[in-house]
Amino acid sequence: MGNLVVIGTQWGDEGKGKVVDILAEQADVIVRFQGGHNAGHTLVIDDKVFKLSLLPSGIVREDKVTVIGNGVVLDPWKLLEEIELVQSQGVNIDPTRLMIAENTPLILPYHKALDQSREQATDKKIGTTGRGIGPAYEDKVGRRSIKVGDLRDDELLKHRLAIAAEYHDFDQQQLFNQLVHIKEHILQYVGPVAEWLNAQTDAGAHIVFEGAQGSMLDVDFGTYPYVTSSNTLAGMASIGSGVPHNKIPNVIGITKAYTTRVGEGPMTTELFDSIGEHIASVGKEKGTVTGRARRCGWFDAVQVRKTCMINGVTGIALTKIDVLDELKSIKICYDMHDGIPVYEEVPGWCSSTVGITQLKDMPQEAIYYINRIQELTKTKVVMISTGPERDQTIILPASLF
Ligand code: IMP
């Protein structure tokens, strides 16, 4: 396996956590490269459920090293909370297993306050997760971020806080004290990530880059302005970690067998009927982070064809196919006419695919559906997920393994 990046081809929540976990088995290092604790990755391992927001999914495999790259925005208190939670579930986390890039910008309390007050103040809501992600990225490009490495030097930290205070309303001394209070806990993980990752990959280590959110939430290519504030596409793996793009040859596009979206903004194949409700309930379509109900709709092949193109997806991992098990017929959007989706209808399989591990055991109608997805998106399917557990997966022969 060469280095690979895992991204979502839709609006996030495609089931990246499970796929990253499977791919991580053959990797040495797992890297988060954008977003923050707005992401939610659920991992089901044996009888344990891990809900991760900021830590890379590889954290649950104790022989792997995990990295938070500079493209992430980091809430240091949330990180410490999450470390404690995962440790309480029996996972060892120490500086040999977790490294944070020193140039990672911090999310501070004023970012969260701003995110939430903006959402409350307007009738044109984005539906953000309210965690301060957007304001923290604004400060990064506004050149007034506090980077995690700044915690090493009290004078520098004071200076940076004074600059931030020109834009934000907060008590500088109080925040300084709060940061000093936690800095030792955080700084033990902080290091020169780009140098380390490049040395690792040059020495033959395999790296999985773990995307968060989905391509349709990308700040450039998504449904702007109803997007997140980072680039969620595969190219960001390079910028957000310091590993050059030509060292990341493979791109796995995690793709749900239907469409969901959380928050506001357009969604062309959205269902407002009992089928949408059925998909939401069978698929347990509720946000990992915010608990909000996800909007559900048919598979949008026009959208996924485009996101596969702009990410350079080398293989699709198709997830949650079993959620469609009970439907008598299924629609796929294959074209758009004046903003209206054009559908083809394919027969459902009306039998359980839960836990199937071999393609030959899949109903013919399900195979037909998967083939149509391959044809319409012009991208091969290399993995099919038939349930939340690690082993509820079909690995296809044409895949990377
Ligand atoms: P923000 O990322 O909190 O700024 O929210 C911007 C938009 O991205 C909102 O519509 C959120 O619901 C959405 N969003 C952010 N993170 C995720 C995610 O991990 N999955 C799905 N949607 C997300």
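Source: prediction; values computed, not measured. Counting starts at 1 for both ligands and their atoms, following the listed order.
- Taking the six-membered ring where tryptophan is involved, the planes of Phe299 and Tyr369 are perpendicular, since the angle between them exceeds 60° and thus also 30°.
- Between the side chains of Thr228 and Gln213, no donor-acceptor pair of N or O atoms lies under 3.5 Å.
- If you look at ligand 1, the protein residues with a non-hydrogen atom under 4.0 Å away are Trp11, Asp13, Asn38, Ala39, Gly40, Ile126, Gly127, Thr128, Thr129, Gln213, Leu217, Val227, Thr228, Val262, Gly263, Arg292.
- Counting only N and O atoms by type, the side chains of Thr255 and Thr9 include a donor and acceptor under 3.5 Å apart.
- A donor and an acceptor atom, one from each side chain of Gln174 and Asn177, are nowhere located under 3.5 Å apart.
- Within the structure, salt bridge (charged side-chain N to carboxylate O under 4.0 Å, His left out) pairs that include any residue of residues 227-255 comprise Asp202-Lys247 (at least two apart or interchain).
- A donor-acceptor distance shorter than 3.5 angstrom exists from the side chain of Thr319 to the backbone of Glu14, with no hydrogens or angles considered.
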